[in-house]
Amino acid sequence: MSTSQVRRGHVSHLPVWDRCAVMGVVNVTPDSFSDGGRWFDTTAAIKHGLDLVGQGADLVDVGGESTRPGATRVDEDEELKRVIPVVRGLAAEGVTVSVDTMRACVAEQSLAAGAALVNDVSGGLADPAMVPVVAAAGAPFVVMHWRGLLEGSAVRGTYENVVTEVVEELHARVQAVVEGGIAPDRIVVDPGLGFSKDADHDLALLAHLDELRALGHPVLVAASRKRFLGHVLAGDQGAPPPARERDAATAAVSALAAQAGAWAVRVHEVRATADAVRVARAVEGAQ
Ligand code: PMM
């Protein structure tokens, strides 16, 4: 194993990459925050996923439910209808597919349709059947930090020390997930940028990715087009640029995250990030 692989960790049952991996996003939703509605048809979504692979994505994350603030939940049948054919179509083409879902039945059917990884923004909290399903399938699992499902909205975005608290809360979720039967070498952790966090929280977490890595699991960073980038780019006075004008800033985060030892970055626009992680790898190799 190369020093790069040792540094960023490896997820059992997934391919091994000798640099930070690139996870391209296909949102099969009419209302996602940054690209809602664009890939809302099965054929277009599969084509988009294949295009992302052509542009350098190592994995493709397929989601059928928007987690945009204020979004209402889609029903289970609708989520299945959106996601499963796209997962099946991409997996049939040899793509490493991740499914972005909070529902056990969507995870289960996606794994049966060829998905390699389950990405749950609730860290297994939204659906009590999620951890048992993923454990039974022996699949890798992304545990993201989010207080959205905890009681009491007042505590959600309030932190004394966001880095320490996110690390502690992720640690607790990882323990619960391991107790639920998911093997530790299949767990990825994610700080959940923008989920019950403001721009300063997101930036602090990015500045301390080493503390997340110290949990001993590969780290996924999903900064793509998020609100905090709009905030940074707007400066003190101006209005934030719209989501689709945040791709250069996203690629900058990808380079920084790769350099800080992230296992993967999740992005909508793949090309620039694919370059960024390769540059970061070359710099790392030169040290
Ligand atoms: N963010 C979104 C969706 N899925 N998954 C993980 N693991 N981490 C994230 O931060 C995350 C996610 C929301 O972004 P989008 O709707 O713009 O894709």
Side-chain angles (χ1 to χ4, degrees), residues 11-15 17 21-68 71 73-124 126-127 129-144 182 186-188 190 220 222 224 263-268 270:
V11 184
S12 188
H13 281 230
L14 288 183
W17 297 284
V22 179
M23 179 187 276
V25 179
V26 175
N27 282 323
V28 198
T29 56
D31 62 344
S32 252
F33 140 79
S34 58
D35 58 357
R38 294 192 69 196
W39 325 114
F40 191 47
D41 153 84
T42 300
T43 312
I46 294 172
K47 182 179 179 309
H48 183 53
L50 294 174
D51 287 347
L52 294 182
V53 171
Q55 290 160 14
D58 302 296
L59 315 101
V60 172
D61 191 38
V62 178
E65 179 170 50
S66 170
T67 47
R68 180 172 61 86
R73 295 209 63 181
V74 294
D75 70 39
E76 190 173 291
D77 288 345
E78 175 65 19
E79 191 183 349
L80 286 166
K81 204 173 83 188
R82 292 178 186 181
V83 166
I84 304 303
V86 180
V87 168
R88 185 175 292 115
L90 287 171
E93 296 287 338
V95 176
T96 303
V97 178
S98 143
V99 60
D100 186 342
T101 185
M102 294 191 277
R103 286 197 172 102
C105 87
V106 177
E108 189 168 37
Q109 292 193 34
S110 294
L111 291 168
L117 170 73
V118 176
N119 173 25
D120 179 354
V121 297
S122 82
D127 185 342
M130 178 64 94
V131 171
V133 156
V134 175
F141 189 56
V142 177
V143 177
M144 196 192 84
I182 300 182
R186 280 161 218 190
I187 295 173
V188 174
D190 180 332
L220 172 65
S224 188
W263 166 73
V265 284
R266 177 186 180 279
V267 294
H268 302 87
V270 160

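One-based numbering along the sequence shown.
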Does [X] have any side-chain contact (heavy atoms from CB on, under 4.5 Å) partners at least two apart in sequence or in another chain, and if so, which?
X: Ser12; result: Asp185, Arg186
X: Ala222; result: Asp190, Lys226, Arg266
X: Glu78; result: Phe40, Val74, Asp75, Lys81, Arg82
X: Ala129; result: Ala104, Asp127

So do [Y] and [X] actually touch side chain to side chain, heavy atoms under 4.5 Å?
X: Met144; Y: Ser122; answer: no
X: Val265; Y: Leu220; answer: no
X: Ser224; Y: Val25; answer: no
X: Val188; Y: Val143; answer: no

I need the full list of side chain to side chain donor-acceptor pair (under 3.5 Å) pairs touching residues 103-118, with sequence neighbours left out, sorted by first then second residue.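 Listed by first then second residue: Glu79-Arg103.
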
Asn119 side-chain N/O to Val99 backbone N/O, donor-acceptor pair under 3.5 Å: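 The answer is no, because no donor-acceptor pair under 3.5 Å joins these two groups.
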
Between Thr29 and Asn27, is the side-chain hydrogen bond (donor to acceptor under 3.5 Å, both in side chains) condition met? List the steps. CA-CA 5 Å; Thr29 56; Asn27 282 323; 5.1 Å; no

Enumerate, atom names and distances included, each donor-acceptor pair closer than 3.5 Å involving a side-chain atom of residues 84-98, sequence neighbours excluded.
{"residue": "Ser98", "atom": "OG", "partner": "Asp61", "partner atom": "OD1", "Å": "2.5"}

